[in-house]
Structure formats: structure tokens, C-alpha cells
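Just so you know, these numbers come straight off a predicted model, no measurement behind them. The figures here come from the full heavy-atom set of this structure, side chains too, leaving out hydrogens, waters and symmetry mates. Per chain, numbering begins at 1; letters A, B, ... match sequence-line order.
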Number of protein chains: 2
Amino acid sequence: MSSRPDPDALGFVLIDVARMLRSAFERRIATAGLGLTPGEARTLVRIATLEGSRQLDIAQRMGIEPMTLSTYLDRLQSLGYIERRPDPADRRAKLIFTTPIAGALIASIRTEQIELMEHVTSGIGPEELELMRDRLKRLRANLCALEEDGAAPVLAKEAGR
Amino acid sequence: MSSRPDPDALGFVLIDVARMLRSAFERRIATAGLGLTPGEARTLVRIATLEGSRQLDIAQRMGIEPMTLSTYLDRLQSLGYIERRPDPADRRAKLIFTTPIAGALIASIRTEQIELMEHVTSGIGPEELELMRDRLKRLRANLCALEEDGAAPVLAKEAGR
DNA sequence: AATGCATAGTAAGCTACGCTTACAATAAGC
DNA sequence: GCTTATTGTAAGCGTAGCTTACTATGCATT
């Protein structure tokens with residue numbers, strides 16, 4: 001219970017940064033006129049890196065509930081950016097693919113992301129960024145463990161990749 | 001436009017961590033039965049560190065719009081945890097104070113925060129955490145600059161505190 | 001093969017968070 | 001005094017995510 005009334009405590013700063021990052025991303029996406037919400041954009045890019053996966057896998061990778069993903073997919077599908085194909089190996093499951101017309105959009109989103117992050121990380125060296133990324137992945141792994149069993153954090157397992 | 005189709009890119013990881021952190025915090029706050037939403041809890045703790053400030057200042061510190069803060073304050077006030085006193089120096093403004101009965105609650109929230117962060121940061125040394133915090137503060141400063149003028153990031157200004 | 005349990009996806013509905021727009025009251029500059 | 005700026009608020013919106021309950025299918029066990 002180390003006394004720490006610091007408004008710049010790690011948790012605060014982390015949440016601040018995330019909120020602002022999201023809102024900055026949102027503004028960029030809106031300005032770019034892509035017709036997607038940030039969540040949809042994020043989902044689409046994620047899918048592009050996991051082409052042909054099942055919804056559950058994608059949801060797990062994104063750290064959201066399957067139902068939440070399903071809603072995004074409905075939108076993306078109705079816009080024609082993704083397809084749900086039946087999994088030949090399991091008729092319950094569906095495999096998610098991006099459509100050809102999504103290509104340019106995905107590239108745009110990535111550009112927005114990268115440009116934003118370049119602005120935001122300006123003044124920090126590449127090695128430090130790499131280090132920070134690794135630490136954050138560790139946090140993420142700890143948080144995943146927390147979500148699963150509600151208690152014990154990861155101790156030795158590496159953050160993966 | 002450095003080619004980076006990595007789903008573990010810094011921005012992604014950052015947003016992931018933030019979402020999971022918020023949801024973990026929410027679960028903790030809910031479990032603790034404090035009767036507050038995470039946003040309210042965060043606001044209350046923030047106010048405690050800025051005792052007697054005006055709403056605009058608090059909102060700015062928290063990086064949210066004054067209206068958003070106003071809503072939280074309504075809730076916190078109706079629960080008796082804060083007071084809005086007229087600013088003797090400016091009759092438009094109100095000064096925000098925590099009430100005595102909020103003391104225990106604030107302590108509880110802090111405890112939850114600290115315990116959570118201890119879990120989440122387990123496996124990372126104190127110096128590294130400190131470093132990460134500083135880097136994140138830099139990101140936050142860059143993001144603040146972005147919000148103000150919509151473009152140029154901070155170059156030399158230190159993250160303050 | 002029938003029965004029972006597990007799993008993939010979805011429908012419905014909810015909460016939290018934050019924003020924008022418009023406005024009242026007050027302050028401050030000319 | 002008149003105009004403009006600023007503080008806080010009312011009203012109403014959209015996004016993101018969750019939970020619960022359900023259908024359809026797969027899998028295992030007898």
C-alpha cells in the first residue's frame with residue numbers, strides 16, 4: 001500500500017495516454033473520411049493480419065468478447081470490406097476474409113496509424129520505443145492472466161510474439 | 001510509411017493495455033462495492049489531489065471536456081462526496097472540494113489502484129517502471145500538443161511534474 | 001445410435017464514457 | 001454601457017464494450 005498520491009502514477013498516465021491516443025486516432029479517422037469508427041478500423045486492420053481466422057480467434061487476439069467482434073463484423077460486412085465464409089472443417093465456425101476492395105482502405109488506416117504514432121512518439125529513440133513496447137506487452141500478458149483466473153499474475157512466461 | 005503490419009505495434013499494444021486495464025479496474029471497483037463507476041472513482045481521486053480547484057482546471061488536468069467532468073461531479077455531489085463552493089473571486093466559477101465522508105472511499109480507491117498496478121506490473125523492475133512512466137508522460141505531452149493545435153508535436157519541452 | 005455436454009456464432013439489451021451544441025450567468029475590455 | 005469572452009450546465013448523441021440467453025453444430029460416452 002505504498003503511499004502514492006501522485007496524479008502521475010503509472011496507471012493514471014497509462015489510461016490518460018490511451019484515452020488521448022484513441023481520441024486522436026478517432027479524429028484522424030474521421031478527418032480522413034473513411035467512413036469507419038475507430039473500433040471498426042482497428043478490427044479491419046487486425047483481420048488483415050489474421051486473414052482466414054475464425055471469429056473466436058480474432059476476438060481473443062483483440063482481447064474483446066466474441067459478441068463485440070460480431071457487431072463490428074456485421075458493419076464491416078455490410079460495407080463489403082470483409083466476408084464470412086463457412087469453415088469447411090467445422091460448420092459452426094466461419095472464417096473471416098478481407099475483400100479486395102478493402103485493400104486500399106486498410107492501407108489508409110495503417111498510414112494514419114503510423115503517422116499518428118510518429119507524431120506521438122517524437123522525441124523518443126527507436127530503442128527506447130522497442131523497450132517500451134516489450135514492457136507494455138508484458139503488462140498485457142499480466143492483464144490477460146488476470147482476466148482468466150482473476151488473480152495470479154504471470155511470473156515467468158514471456159510476453160510472446 | 002515504414003512497412004509495419006505487426007499486430008503488436010506500439011499503438012495497438014498501448015490501446016490493448018489501456019482497455020484491459022480499464023476493464024480490470026472496473027471489475028475491481030465493482031467487486032469492492034464502492035458504488036462508483038471507474039470514471040467517477042478516477043475523478044474523485046483526481047479531485048483529492050487538486051482540492052479547491054475550478055472545474056475547468058480539473059477537466060484540463062484530466063484531459064476531458066468540462067461538460068464530461070460536470071456530469072461526474074453531479075453524481076459525486078449527489079452521493080455527498082464532493083462540494084461545489086462558489087469561488088469568491090469569480091462568481092461564475094465554482095471550487096471543488098472533497099467532503100470528509102469521502103476520505104475513506106478515496107483511500108479504498110487508491111488501494112485498489114495500487115494493488116491492481118502491483119499485479120499488472122509484476123515482473124518488471126522499479127527502475128524500468130519509472131522509465132516507462134517517464135516515456136508515457138512524454139507521449140502524453142505530445143498528445144496534449146496534438147490536441148491543442150492538431151499538428152506539431154512537442155520537441156523539447158519536458159513532460160513536467 | 002442416442003444421449004449429453006461443449007463450442008461457434010448471434011440477438012437483445014444494458015452500462016459507461018465522452019463528445020457536441022446551445023445557453024445562462026458573470027466578467028472584462030473598450 | 002456595450003460587446004465579447006469565459007464558467008458551468010442542459011440536452012442529446014455516438015461508440016465501445018459487456019452479459020445473458022439462444023441456435024446450430026460438434027464431440028464423447030455409453
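In this structure, CD of B/Glu65 is placed 5 Å from P of C/dC19, rounded to the nearest angstrom. In this structure, CG of B/Asp87 is placed 12 Å from C1' of C/dT26, rounded to the nearest angstrom. When rounded to the nearest whole Å, the span between CZ of B/Arg46 and P of C/dG18 equals 11 Å. When rounded to the nearest whole Å, the span between CD of A/Glu26 and P of C/dG18 equals 12 Å.
Here the side chains of B/Arg54 and B/Ile58 are not in contact, with every heavy-atom distance at 4.5 Å or above. In this structure, the side chains of A/Arg28 and A/Glu115 come closer than 4.5 Å at one or more pairs of heavy atoms. Between A/Ile82 and A/Thr43, every side-chain heavy-atom pair lies at or beyond the 4.5 Å cut-off.
Taking 4.0 Å as the cutoff to heavy atoms of chain A, we find the contact window on DNA chain D bounded by D/dT15 to D/dG26.
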Polar-atom pairs under 3.5 Å, protein N or O versus N or O of nucleotides 5-10 of chain C: list them with distances, or write none.
unit_1 : atom_1 : unit_2  : atom_2 : d
C/dT7  : O4'    : A/Arg92 : NH1    : 3.4
C/dT7  : O2     : A/Arg92 : NH1    : 2.7
C/dG9  : OP1    : A/Gln55 : N      : 3.1
C/dG9  : OP1    : A/Lys94 : N      : 3.1
C/dG9  : OP1    : A/Lys94 : O      : 3.1
C/dG9  : OP2    : A/Gln55 : N      : 3.4
C/dG9  : OP2    : A/Leu56 : N      : 2.8
C/dG9  : O3'    : A/Lys94 : NZ     : 3.2
C/dT10 : OP1    : A/Arg84 : NH1    : 2.9
C/dT10 : OP1    : A/Lys94 : NZ     : 3.0
C/dT10 : OP2    : A/Gln55 : OE1    : 3.2
C/dT10 : OP2    : A/Gln55 : NE2    : 2.8
C/dT10 : OP2    : A/Ser70 : OG     : 2.6
C/dT10 : OP2    : A/Arg84 : NH1    : 2.8

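Donor-acceptor pairing under 3.5 Å is lacking for the side chains of A/Arg27 and A/Thr31. Looking only at atom types and distance, the side chain of B/Gln55 has a donor-acceptor partner in the side chain of B/Arg84 under 3.5 Å away.
Sorted by first and then second residue, the side-chain hydrogen bond (donor to acceptor under 3.5 Å, both in side chains) pairs involving residues 93-104 of chain B (not counting sequence neighbours) are B/Glu51-B/Thr98.
Considering all non-hydrogen atoms of both residues, A/Leu95 and A/Gly52 come closest at CD2-O, 3.7 Å. The two residues A/Gly35 and A/Arg75 have their closest heavy-atom pair at O-NH2, 3.2 Å. Of all heavy-atom pairs spanning B/Leu143 and A/Ala24, the tightest one is CD2-CB, 4.1 Å.
Residues meeting the salt bridge (charged side-chain N to carboxylate O under 4.0 Å, His left out) test with B/Glu26, sequence neighbours left out: none. Every residue was checked against the side chain to side chain donor-acceptor pair (under 3.5 Å) condition with B/Glu65, not counting sequence neighbours, and none meets it.
Phosphate proximity of C/dC19 to B/Thr68: present, with a side-chain N or O under 4.0 Å from OP1 or OP2.
Interface residues of residues 29-44 of chain B facing DNA chain C, ordered by number: B/Thr37, B/Pro38, B/Gly39, B/Arg42; criterion, heavy-atom separation under 4.0 Å.
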